[in-house]
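The block underneath contains the structure these notes are about, expressed in structure tokens.
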Amino acid sequence: MEEVKVEKPLNFLEKIIEDDLNNNRVPNGEIVTRFPPEPNGYLHIGHIKSICINFGLAQKYGGRCHLRLDDTNPEKEETEYIESIKEDIKWLGFDWGKHEYYASDYYDKLYQIAVNLIKEGKAYVDSLSAEEMKEYRGTLTEPGKNSPDRDRSIEENLRLFEEMKEGKHPEGSFTLRAKIDMASPNINLRDPALYRIKYATHPRTGDKWCIYPMYDFTHPISDAIEGITHSICTLEFEDHRPAYDWATSIDGIEHTPHQYEFARLNINYLLMSKRKLLYLVNNHFVSGWDDPRMPTISGVRRRGYSPESMKDFVARVGVAKVEGVVDYALMEFCVREDLNKRAKRLMAVLDPLLLIIDNYEEGKCEYFDAEDNPEAEVKTSHKVAFSKYIYIEREDFMENPVKGYHRLYIGNEIRLKHAYYVKATSVDKDENGNIIAVHATYDPESKGGSTPDGRKVKGTSHWVSRDHAVKAEVRQYDKLFKAENPGEATGNYLDDLNPDSLVVIENAYVEEEAKKAKVGDYLQFIRNGYYCVDNKDSREDHMVFNRTCTLKDSWAKQKAKMGL
RNA sequence: UGGGAUGUAGUGUAAUGGUAACACUGCAGAUUCUGGUUCUGCCUUUGGGGGUUCGAAUCCCUCCAUCCCAGCCA
């Protein structure tokens, strides 16, 4: 085997890191990154990008990546979210080892740093109300002005801050603020709040604290404490970098991490805002955070996407500072490419039409070998039962075939996959003229799916034997939104909800082999799509299959072009 | 109208002063026991205008467009 080495171009973060490494700017040459979600919701596909960047960079350069739960706002955070976050990262295949941290681990240190800041005259307790503070802050074009409390004495600041911590003041009465510059063109530097009073129970620290540190104070210091070398976040934090650098240059903080920003992942047809996703969950537009239509990690997992395909997807998207919108089609491509290689092929008929093979012996049953996956290196197969009464897909028969149709119609011969060639002879109709059965004859010579004379057929249909097939529920999932940019047209994303995002087929027929399928297996229902076993609702006696995605369908395109 | 950032095919990402490219999408065809897969080909690109240079996506000037920031959220 000849190994072809393709130099993969470096993204801008890798360039920065390699440059830092080459110039000895990294302590011990060990790259330390972190993935720092706030546990206020479930992780979504956008987070996969961040996870892959942070864990991926650490892996590539032989460093480590911390998991840090940024839990500084107890009003929004829940243990349920912490658990789901950890599960989702593991599902993707990343391991933070012992490096599981919580911003709340640093509350004591943070408090001490704040006290020191006050002692140095670099922070003060402000009694301005939220509204007043807003007024004093100025606007984007006008500088702010100093709070009357800005020159409060150090002793009084110390006393008040202590009292805040002791719970002697109500929420909103005081904040601790950094003394930076009320006239800064960067609003984040106009004396940002460092601490606020909140009488909320924290998922980890309970009621120990009633003052909680703010992001701009907590995050950089947490990074410094953990020895993070490259603190990577999304673009909207660019304006916060000066605040980040202010915090990491506080006296006594020895390690200086640096912040870098990349563009977050946007995908058309999907919503990636935690707020909107939470709304969909709370108002039952979906069954939960893990509804297979949700762009959450738990949603795509339940939908049947593989972690490998998701990682491949974000790798193909790349890392840059340009904010754009990635095509949903790229994600589907990645899923199909991966699943094509590993999904076990099965036959399932979702919209059955009875096919009666008139010259096939009544009561006879044959078992054919059906290959599990034509792409597999090691070929395996399973048995599939054949008999006189067969279900085929209703759309695989046409009484009056249109141009280009090469499936079953009267007089036409097709192949039943793995089985025989059959030729349609007549149809049975009910009193309303609906076709209820198709009659056909089979060619015994074509056993196994090919004939000695080598004649070709243009169509091959999947099928199941009526008396051997198993009934199952099949959930046909499609995009949750039918607009590329939900809400763009009317201003309300709910207006773009796809009414057909879930079509449940209660009584689909699947071949017996499907009974062996387990949660986590990747399946392909031949000529139909990729499927998985639902990880919540599937039972042995009532299997539930979720459609992960359809197969590419060039016939559907062709039909659409013909206006059918 | 303050500050910060970003503009390369339809989409995303490369090319760091030396032939603009890769992937997806789209289109056409070949192969095929999945109208899938695979294979082949095609389409289309440096936001505008100036300048420097033998040579500019890249450097300079200027204009334009888009995004982010006025939480006691992260």
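Note on naming: letters A, B, ... go to the chains in the order of the sequence lines (proteins, then strands), and numbering restarts at 1 for each one.
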Which class fits the ring pair A:Trp289 and A:Tyr42: parallel under 30°, tilted 30 to 60°, perpendicular over 60°? parallel
Looking across every strand, which nucleic acid part, if any, lies under 4.0 Å from [X] by heavy atom: base, sugar-phosphate, or nothing?
X	value
A:Glu375	base
A:Lys134	sugar-phosphate
A:Gly324	sugar-phosphate
A:Lys417	base
A:Val457	nothing

Ignoring hydrogens and angles, are the base of [N] and the side chain of [X] linked by a donor-acceptor pair under 3.5 Å?
X	N	result
A:Glu395	B:rG35	no
A:Asp327	B:rG12	no
A:Glu323	B:rU66	no
A:Arg336	B:rU37	no

Separation between the P atoms of B:rU25 and B:rC61, rounded to whole Å: 41 Å
On a whole-Å scale, what distance lies between the P atoms belonging to B:rG7 and B:rU13? 9 Å
Let's see if you can work this out: which of [options] has an atom nearest to the side-chain heavy atoms of [X]?
X	options	value
A:Arg527	B:rU25, B:rA14, B:rG35	B:rG35
A:Thr72	B:rU34, B:rA74, B:rU25	B:rA74
A:Pro374	B:rU1, B:rU34, B:rU37	B:rU34
A:Lys561	B:rC69, B:rG71, B:rA28	B:rA28
A:Asp239	B:rA74, B:rG3, B:rU34	B:rG3

Hey, are A:Glu393 and A:Arg407 close enough for a salt bridge, meaning a charged N less than 4.0 Å from a carboxylate O? no
Closer than 4.0 angstrom, basic N to acidic O: yes or no for A:Asp149 and A:Arg177? no
Decide whether A:Tyr305 and A:Glu332 meet the rule of one side-chain donor and one side-chain acceptor closer than 3.5 Å. no
Determine: side-chain N/O of A:Lys15 to OP1/OP2 of B:rA15, distance under 4.0 Å, yes or no. yes
With a cut-off of less than 4.0 Å, is there a side-chain N or O of A:Lys557 near OP1 or OP2 of B:rC27? yes
Please report the distance, rounded to the nearest Å, between CD in A:Glu371 and C1' in B:rU32. 12 Å
Would B:rG29 be called syn or anti, given that syn covers angles within 90° of 0? anti
